[in-house]
Amino acid sequence: MGIFRSFEISTSGLHVQRKRMDVISSNLANMETTRTENGTPYRRKMIVLGAESMENFDSLFHLKLQAAKIENVVEDQSPFVRVHDPGHPDADEDGYVLKPNVDLVVEMTNMLMARRVFEANVTAMETTRQMALKALEIGR
Amino acid sequence: MVEKLSFERTWRGLEKALGIAHRRHSLIAENIGHLDTPRYKPREVDFQEALNDAMAGGARVSMTRTDTKHLGPVPEGLAGAEVKEEEEEWNGFNWVNIDREMTKLVENDLIYRTASEILIRKIAFLKEIIREGGR
């Protein structure tokens with residue numbers, strides 16, 4: 001049904017931002033993780049977003065509505081941070097430890113963005129709802 | 001009498017729509033309630049499908065059968081809202097997607113409000129006839 005199309009799209013936005021928060025949480029929780037399953041320090045994770053065309057959309061509109069979706073979760077390939085800490089169990093011969101490439105400032109900024117985008121999607125949905133409710137009052 | 005006014009089909013459609021929306025609401029509430037239940041599979045009713053079924057099932061137009069072995073129309077009792085498991089992705093704990101459920105809640109609320117609004121207007125229409133008709 002027509003009016004619910006925008007709900008569907010907004011939901012995809014909510015879903016994507018929630019997943020983004022999962023990734024940010026993972027990055028923050030592992031800021032100091034020096035050992036992972038494959039032996040390296042923790043690598044920062046990022047989500048890659050893609051757009052998904054909505055099916056059976058009325059082609060009369062000449063515009064293609066697209067919902068957000070998660071394409072992939074990739075690892076940030078930037079170098080690890082080298083910190084001098086000879087007492088650390090994972091320090092090399094020179095006393096350096098490789099720490100995860102997670103930048104707290106970047107994560108906090110992303111978190112803020114995720115939150116705001118989530119809120120924007122909720123607002124969009126609420127507006128659509130209000131419009132539909134208003135339409136019910138026509139001719140009363 | 002109401003039936004003779006050809007109100008019947010709309011009336012019944014709205015009645016079914018409200019019923020299905022009500023059923024759907026319970027299911028959505030149930031799914032949200034089970035947000036914290038491990039391995040819970042959310043259930044749903046497809047509104048459009050259920051309404052189509054309900055309307056087709058109780059068609060009052062009678063069919064003439066030329067042979068007793070021919071199949072008749074589906075009896076009303078058989079057409080009910082089919083509850084299916086929702087196709088959601090596994091989130092590591094269960095299959096409930098809270099964003100999806102909340103959206104469905106809003107969507108269902110709109111359907112319910114619309115159906116009841118039309119019903120209210122229909123009743124107002126009947127009242128008008130009763131009031132003005134006797135003059």
Side-chain angles (χ1 to χ4, degrees), chain A residues 1-26 29 45 47 49-50 52 54-56 65 67-73 114-140, chain B residues 10 13-14 16-18 20-21 24-25 27-28 31-32 35-36 42 44-52 55 86-128:
Chain A
M1 269 177 274
I3 182 150
F4 300 130
R5 184 78 41 177
S6 57
F7 280 148
E8 245 174 86
I9 297 173
S10 294
T11 314
S12 74
L14 295 179
H15 186 65
V16 159
Q17 295 311 317
R18 194 181 287 282
K19 288 282 174 223
R20 190 175 173 196
M21 272 309 297
D22 285 355
V23 171
I24 294 169
S25 305
S26 161
K45 309 272 188 292
I47 53 170
L49 300 183
E52 191 176 32
M54 306 288 293
E55 286 166 53
N56 53 43
L65 292 187
K69 71 160 186 189
I70 296 159
E71 286 283 348
N72 204 356
V73 178
R115 180 182 167 171
R116 292 291 178 233
V117 175
F118 191 90
E119 283 173 6
N121 276 297
V122 173
T123 309
M125 254 168 103
E126 185 54 27
T127 308
T128 314
R129 194 181 85 93
Q130 292 295 345
M131 282 163 74
L133 287 180
K134 261 291 174 257
L136 282 183
E137 290 173 22
I138 295 172
R140 220 184 233 176
Chain B
T10 325
L14 290 169
K16 300 275 186 205
L18 285 171
I20 296 163
R24 201 164 166 242
H25 181 84
L27 283 173
I28 297 166
N31 292 343
I32 296 173
L35 197 61
D36 226 5
E44 70 176 345
V45 167
D46 186 321
F47 183 84
Q48 205 71 55
E49 214 172 85
L51 188 60
N52 285 345
M55 292 310 286
E86 236 175 304
E87 285 170 27
E88 281 295 342
E89 64 178 270
W90 169 249
N91 63 16
F93 185 69
N94 56 29
W95 281 270
V96 184
N97 179 343
I98 185 65
D99 302 322
R100 186 88 196 88
E101 297 303 329
M102 291 310 285
T103 310
K104 271 166 50 188
L105 198 66
V106 174
E107 191 184 295
N108 202 52
D109 172 61
L110 279 178
I111 292 176
Y112 195 91
R113 277 174 196 254
T114 311
S116 50
E117 177 72 30
I118 301 170
L119 206 55
I120 288 167
R121 290 183 188 208
K122 204 98 197 158
I123 294 166
F125 185 37
L126 268 180
K127 273 186 183 165
E128 183 76 9

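Convention: sequence-line order gives letters A, B, ...; per-chain numbering from 1. These figures come from a predicted structure and were not determined experimentally.
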Counting only heavy atoms not in R121(B) (residues, nucleotides, ligands), do more than 12 fall under 6.0 Å from its CZ?
yes
What residue, out of V122(A), N121(A), I138(A), T128(A), has the most heavy-atom pairs lying under 4.5 Å from chain B?
I138(A)
Enter the distance from F4(A):CZ to E107(B):CD here, rounded to the nearest 0.5 Å.
4.5 Å
Using a cut-off of 6.0 Å, state whether more than 12 heavy atoms not belonging to E137(A) lie near its atom CD.
yes
Are the side chains of D109(B) and R129(A) in touch, meaning some heavy atoms are under 4.5 Å apart?
yes
Is I98(B) close to chain A through its backbone or its side chain, or both, or neither, when contacts mean heavy atoms under 4.5 Å?
side chain
Side chain, backbone, both or neither: which part of R18(A) has a non-hydrogen atom closer than 4.5 Å to chain B?
side chain
In Å and rounded to the nearest 0.5 Å, what is the NE2 to OG1 distance from H15(A) to T103(B)?
11.5 Å
Okay, E101(B) and chain A: the region with an atom under 4.5 Å from a heavy atom over there is neither
With a 6.0 Å cut-off (strictly less than), is the heavy-atom count around CE of M21(A), excluding the residue itself, greater than 12?
yes
Interatomic spacing from NZ in K19(A) to CG in N91(B) - rounded to 0.5 Å
6.0 Å
Rounded distance [0.5 Å steps], CG in L14(A) versus CZ in R100(B):
11.0 Å
